[in-house]
2 protein chains.
Amino acid sequence: MSVTHTEVSKTDGCAIREVLDRVGDKWSVLIVVLLGHRTHRFNELHRSIEGISQRMLTLTLRTLERDGLVKRTVHASVPPRVDYELTELGRTLLVPVQALDDWARAHRDDIRTARVTHDARVS
Amino acid sequence: MSVTHTEVSKTDGCAIREVLDRVGDKWSVLIVVLLGHRTHRFNELHRSIEGISQRMLTLTLRTLERDGLVKRTVHASVPPRVDYELTELGRTLLVPVQALDDWARAHRDDIRTARVTHDARVS
DNA sequence: CGGCATCCTAGGTGATACTG
DNA sequence: CAGTATCACCTAGGATGCCG
């Protein structure tokens, strides 16, 4: 482990919180993962992400674009066509996100089991 | 990439959302990281994590315990002493969390720059 | 020391309707 | 197709006070 001190200092310990503040919301990582596969159009994302509202998709994409993780390309055509893709920075984020995803798949059952066990003991 | 399809299915695509639903909150990862260093007492955590309320520390620890990520040990003494430490499962989570932390430290400036640039262009 | 109970607010999110 | 605008809600989280 690179961090050896105990306190959560402003300059170091909160780095991970900074990421989570941006990507820890309800939809960002989902979008990043999807765009990790390939470029998507707006409605492709809308259809692929079950449960997202048009509003939240727009807002989340705007934030990701602002943070330099996603690139938005408008094609001047009728009907309009807008493509979204990961930037270079966005692709680097895919690595740790994938690591977290792998952990999730490997241990989701462990958590579920722990819950059931714990809840049974408390009852 | 292990996932080759595009849709976010219930069985696969939401695994990462499951993790974020649990540790994507404001304090969980911070606690996990601190406990990754060593066992902490309640008030040690309270002092180490700047800005956390007693209420949220308790609630977060309870959830982490319930999910099998943290082990809580009560020592029958006066005054009472309660130790918190990572479980085996909790320690495995430390790996991807650390990966995310590394990414954060490496790219926080990239995001900040992207923001400034983007905001300047919009203005 | 290590909590829990209560109250309360801010903002993240959803639903719906409208537009270039 | 790809948004924007408005409203309304709900809950994560903070503040405070009491307890074993």
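Since we're looking at a predicted model, the values are computed, not measured. Chain letters run A, B, ... following the sequence lines, proteins first, then strands; residues in each count from 1.
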Gap between atoms [atom1] and [atom2], on [X] and [N] respectively (whole Å):
X: Ile49(A); N: dT13(C); atom1: CD1; atom2: P; answer: 13 Å
X: Asp21(A); N: dA12(D); atom1: CG; atom2: P; answer: 16 Å
X: His46(B); N: dA15(D); atom1: NE2; atom2: C1'; answer: 12 Å
X: Asp25(B); N: dG13(D); atom1: CG; atom2: C1'; answer: 10 Å
X: Arg22(B); N: dA12(D); atom1: CZ; atom2: P; answer: 13 Å
X: Glu44(A); N: dG3(D); atom1: CD; atom2: C1'; answer: 16 Å
X: Ile31(B); N: dG2(C); atom1: CD1; atom2: P; answer: 14 Å
X: Leu45(A); N: dA2(D); atom1: CG; atom2: C1'; answer: 12 Å

Under a 4.0 Å heavy-atom cut-off, which of residues 51-64 of chain A touch DNA chain D?
Gln54(A), Arg55(A), Thr58(A), Arg62(A)

Which of these nucleotides, [options], is closest to any side-chain atom of [X]?
X: Tyr84(A); options: dG3(D), dC1(C), dC1(D); value: dG3(D)
X: Pro80(B); options: dG2(C), dG14(D), dG20(C); value: dG2(C)
X: Arg81(A); options: dG13(D), dG2(C), dA2(D); value: dA2(D)
X: Arg41(B); options: dG2(C), dG3(D), dG14(C); value: dG2(C)

What distance separates [X] [atom1] from [Y] [atom2], expressed to the nearest 0.5 Å?
X: Ile49(B); Y: Leu30(B); atom1: CD1; atom2: CG; answer: 5.5 Å
X: Thr39(A); Y: Leu86(A); atom1: OG1; atom2: CG; answer: 8.0 Å
X: Ser28(B); Y: Arg22(B); atom1: OG; atom2: CZ; answer: 10.5 Å

Applying side-chain hydrogen bond (donor to acceptor under 3.5 Å, both in side chains) to Arg66(A) and not counting sequence neighbours gives Asp119(B)

For dG3(C) and Arg72(B) - does any side-chain N or O of the residue sit under 4.0 Å from the phosphate oxygens OP1/OP2?
yes

Answer yes or no: is there an ion pair linking Arg115(B) with Glu65(A), defined by an N-O contact shorter than 4.0 Å?
no

Mind running side-chain contact (heavy atoms from CB on, under 4.5 Å) on Val82(A) and Arg41(A) for me, showing each step along the way?
CA-CA 6 Å; Val82(A) 181; Arg41(A) 299 181 58 174; over 6 Å; no

Which side-chain N or O atoms in residues 69-76 of chain B pair as donor and acceptor under 3.5 Å with protein atoms at least two apart or in another chain?
from: Arg72(B); atom 1: NE; to: Tyr84(B); atom 2: OH; distance (Å): 3.2
from: His75(B); atom 1: NE2; to: Asp83(B); atom 2: OD2; distance (Å): 2.9

